[in-house]
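First listed ligand is number 1; within each ligand, the first listed atom is number 1. Note that the structure is predicted; figures quoted are calculated from it, not measured.
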Amino acid sequence: MPIATRAFAATSSTAPLSPYGFDRRDPGPDDVAIEIKFAGVCHSDLHIVKNDLGNTTYPIVPGHEIAGVVTAVGGNVARFKVGDRVGVGCMVDSCRQCKPCLEGEEQYCVPGMVQTYGSPDPKAAGTGQKITQGGYSTAIVVDQNYVVTIPDSIPLDAAAPLLCAGITTYSPLRHWKVGPGSKVAVIGLGGL
Ligand SMILES: [Zn+2]
Ligand SMILES: [Zn+2]
């Protein structure tokens, strides 16, 4: 059954976000259905809402810092079960065949990852949606490969901003093996 979902959507570049109802897809064998508890506000959300890049499709539901609780899983899903605390970040699918995808670097997917909102949605058949819709909503259905576990030690509201802003800043520190005693400079361009 498709999942009736309430959301806040932008309907034009100038209108404020307004209530919007739509259906999430019926969870497939590899899908995780999530009740969204919190969604961070990323500055990218504002750029897309205001059509700053010139390619926004309306109506659009922003939000790619998503934290919530699993409400259903498909038959192939072993990593998650109902009640688990989970997160979804900036992407919900990718080609899974290119070199970056095979190396676990799906964010560099050559044909392009499927972004959490605003991407053409190949799995939206039957929902009436042409594009993916994001986390300013009550529920989302995401392939298990693009869902992460949130440890019990991190409150869901604190976890949400880690899914984009947090990982964007943490990733280079980890890549360069920054640790105690390291000297780093953080360039103050942009929100991160
Ligand atoms: Zn973001
Ligand atoms: Zn790929």
Polar side-chain atom of Asp45 near backbone of Val49 as donor-acceptor pair, under 3.5 Å: no

His43 near the Zn ion (ligand 1) via N/O/S, less than 2.8 Å: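 So His43 does not count as coordinating the Zn ion (ligand 1).
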
Atom name in His64, limited to N/O/S, at shortest distance from the Zn ion (ligand 1):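 Going by distance to the Zn ion (ligand 1), the closest N, O or S atom in His64 is NE2.
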
Interatomic distance, [X] atom [atom1] to [Y] atom [atom2] [nearest 0.5 angstrom]:
X: Arg24; Y: Ile140; atom1: CZ; atom2: CD1; value: 4.5 Å
X: Met91; Y: Gln115; atom1: CE; atom2: CD; value: 10.0 Å
X: Phe38; Y: Ile66; atom1: CZ; atom2: CD1; value: 13.5 Å

Degrees at the Zn ion (ligand 2) between the SG atom of Cys98 and the SG atom of Cys109, nearest 10°: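 The SG/SG angle about the Zn ion (ligand 2) sits at 120°.
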
